[in-house]
Engineer: 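Can you keep this structure in mind? I'll have questions shortly.
Below, chain A is the first sequence line, B the second, and so on; all start at residue 1.
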There are 2 protein chains.
Amino acid sequence: MLHDPTQLDLMFQALADPARRQMVNRLSRGPASVSQLAEPLAMSLSAVVQHLNLLEASGLVRTQKVGRVRTCQIEPKALRAAEHWINERRLSWERRLDRLGDFLAETKDET
Amino acid sequence: MLHDPTQLDLMFQALADPARRQMVNRLSRGPASVSQLAEPLAMSLSAVVQHLNLLEASGLVRTQKVGRVRTCQIEPKALRAAEHWINERRLSWERRLDRLGDFLAETKDET
DNA sequence: GCAATAGTTAAGTGAATGCTTCAGTGTTGC
DNA sequence: GCAACACTGAAGCATTCACTTAACTATTGC
């Protein structure tokens, strides 16, 4: 379920927007309320809530409401899943290049 | 320039689409032509080319045309940039949690 | 109780996305 | 030369996105 393709969709889609990345960036330095997240962003609070809902749906951010303030924090597990997807593809490519290099070196020896 | 925000936008946006991720996935196993990339996808060749152009604009994929076939391959540097962005935020969060843990452990000692 | 605070929800709008089809262009094999 | 091949580009279209405003709900402080 960490590799559910629709979940990956949601995560990468969430990270594709600069405002949402800024929110994730802010949250990487510690939890924050909705208003705190909104503060540096040049848009309405309503827009921020919509971004936040997307981030939560993607699993990247977890929130909990106490009284009237909703506190948000990063879900590192989800970040790790996205990271992992990229990493596997990159490694697969790089291993292939290594094998190719070895092959070329070997065939060179044989001349 | 590896951390150009608009470049990150393009990369994460490129990765947000399942068809494009499938293309990256295919390319992680080795170079491919446009038709080869298109083959497993349930869409027109034209649509695939459009996806491919996006992937190229994002820097994730590099292509070169020899004769009438365009050969595509992954650009691992770009993948690494995306990976790095996520990794830094996750680590920042996890380090924060560690410090918090240490603090709680220390204050517990003091009782 | 009541005003201020913190967030939520719904409706609407213009721009961007993900396709399609169709009509090209340049390349290759015979 | 010419047919098949491997794309490429433009136009069009439905859907989704990123906002906005405005009206609303639930807490808190006094």
Engineer: Can you pull out the residues from residues 31-41 of chain B that lie within a 4.0 Å heavy-atom distance of DNA chain D?
Structural biologist: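 Those residues whose heavy atoms fall under 4.0 Å from DNA chain D, taken from residues 31-41 of chain B in numerical order, are B:Ser33, B:Val34, B:Ser35.
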Engineer: Working note: A:Glu75 + B:Arg90, criterion salt bridge (Lys or Arg N to Asp or Glu O under 4.0 Å); need CA distance, chi angles, decisive distance, verdict.
Structural biologist: CA-CA 9 Å; A:Glu75 183 55 73; B:Arg90 184 172 59 80; over 6 Å; no
Engineer: Of all residues at least two apart in sequence or in a different chain, which pass the side-chain hydrogen bond (donor to acceptor under 3.5 Å, both in side chains) check with A:Gln13?
Structural biologist: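 For A:Gln13, no residue satisfies side-chain hydrogen bond (donor to acceptor under 3.5 Å, both in side chains) once neighbours in sequence are set aside.
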Engineer: Quickly work out the A:Met23 CE to D:dC19 C1' distance and round it to whole Å.
Structural biologist: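 Answer to the nearest Å: 14 Å.
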Engineer: State the CG-NE2 distance between B:Leu91 and B:His84, to the nearest 0.5 angstrom.
Structural biologist: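 Output value for this atom pair is 8.5 Å.
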Engineer: Nearest to the side chain of A:Arg70, heavy atoms from C-beta on, is which of D:dA18, C:dA6, C:dT8?
Structural biologist: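 Looking only at side-chain atoms, A:Arg70 lies closest to C:dT8.
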Engineer: Can you give one letter per nucleotide of nucleotides 22-30 of chain C, 5' to 3': B if a protein heavy atom sits under 4.0 Å from the base, S if only from the sugar-phosphate, - if neither?
Structural biologist: ----BBS--
Engineer: Does any residue of residues 48-62 of chain A have a heavy atom under 4.0 Å from DNA chain C, and if so, which ones, in number order?
Structural biologist: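 The stretch gives A:Val49 as the residues lying under 4.0 Å from the strand, ordered by number.
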Engineer: For residues 22-32 of chain A, run the donor-acceptor check on the side chains, cut-off 3.5 Å, and write out each pair with its distance to 0.1 Å, sequence neighbours left out.
Structural biologist:
unit_1  : atom_1 : unit_2  : atom_2 : d
A:Asn25 : OD1    : B:Arg89 : NE     : 2.7
A:Asn25 : OD1    : B:Arg89 : NH2    : 3.1
A:Arg26 : NH1    : A:Gly30 : O      : 3.1
A:Ser28 : OG     : A:Asn25 : O      : 2.6

Engineer: Atom CZ of A:Phe12 to atom C1' of D:dT16: distance rounded to whole Å?
Structural biologist: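 Rounding to the nearest Å, CZ of A:Phe12 and C1' of D:dT16 are 20 Å apart.
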Engineer: Would you please say whether a donor-acceptor pair under 3.5 Å links the side chains of B:Thr63 and B:Glu56?
Structural biologist: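 Per modelled atom types, B:Thr63 and B:Glu56 side chains form a pair under 3.5 Å.
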Engineer: Any chance you could measure A:Phe12, atom CZ, to B:Ile86, atom CD1, to the nearest 0.5 Å?
Structural biologist: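 The CZ atom of A:Phe12 sits 5.5 Å away from the CD1 atom of B:Ile86.
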Engineer: Quick one: side-chain contact (heavy atoms from CB on, under 4.5 Å) partners of B:Ala47, sequence neighbours excluded?
Structural biologist: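 Checked B:Ala47 against side-chain contact (heavy atoms from CB on, under 4.5 Å); matches are B:Met43, B:Ser44.
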Engineer: The side chain of B:Lys65 is closest to which nucleotide in this list: D:dC7, C:dT8, D:dC19?
Structural biologist: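 Per side-chain heavy atoms of B:Lys65, the pick is D:dC7.
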Engineer: Take B:Glu94 and A:Arg80 through the test salt bridge (Lys or Arg N to Asp or Glu O under 4.0 Å) and record every step on the way to the result.
Structural biologist: CA-CA 11 Å; B:Glu94 286 173 350; A:Arg80 208 177 281 120; 2.5 Å; yes
Engineer: So how far is it from A:Gln73 CD to A:Leu60 CG, rounded to the nearest 0.5 Å?
Structural biologist: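 Spacing of CD (A:Gln73) from CG (A:Leu60) equals 13.5 Å.
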Engineer: Charged N to carboxylate O under 4.0 angstrom, B:Arg95 versus B:Glu88?
Structural biologist: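 No salt bridge links B:Arg95 with B:Glu88.
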Engineer: Whole angstrom is fine here: how far is it from CG in B:Leu10 over to C1' in C:dT17?
Structural biologist: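 To the nearest whole Å, that distance equals 14 Å.
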Engineer: Over how many whole Å does the gap from B:Leu45 atom CG to C:dC19 atom C1' extend?
Structural biologist: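 Spelled out: CG on B:Leu45 to C1' on C:dC19 is 13 Å.
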Engineer: When you match A:Gln13 and A:Ala42 each to their closest nucleotide on DNA chain D, which lands nearer the 5' end?
Structural biologist: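 The residue whose closest nucleotide sits nearer the 5' end is A:Gln13.
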Engineer: Hey, what do you get for NE2 (B:His51) to CZ (B:Arg21), rounding to the nearest 0.5 Å?
Structural biologist: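 It is 12.0 Å, given to the nearest 0.5 Å.
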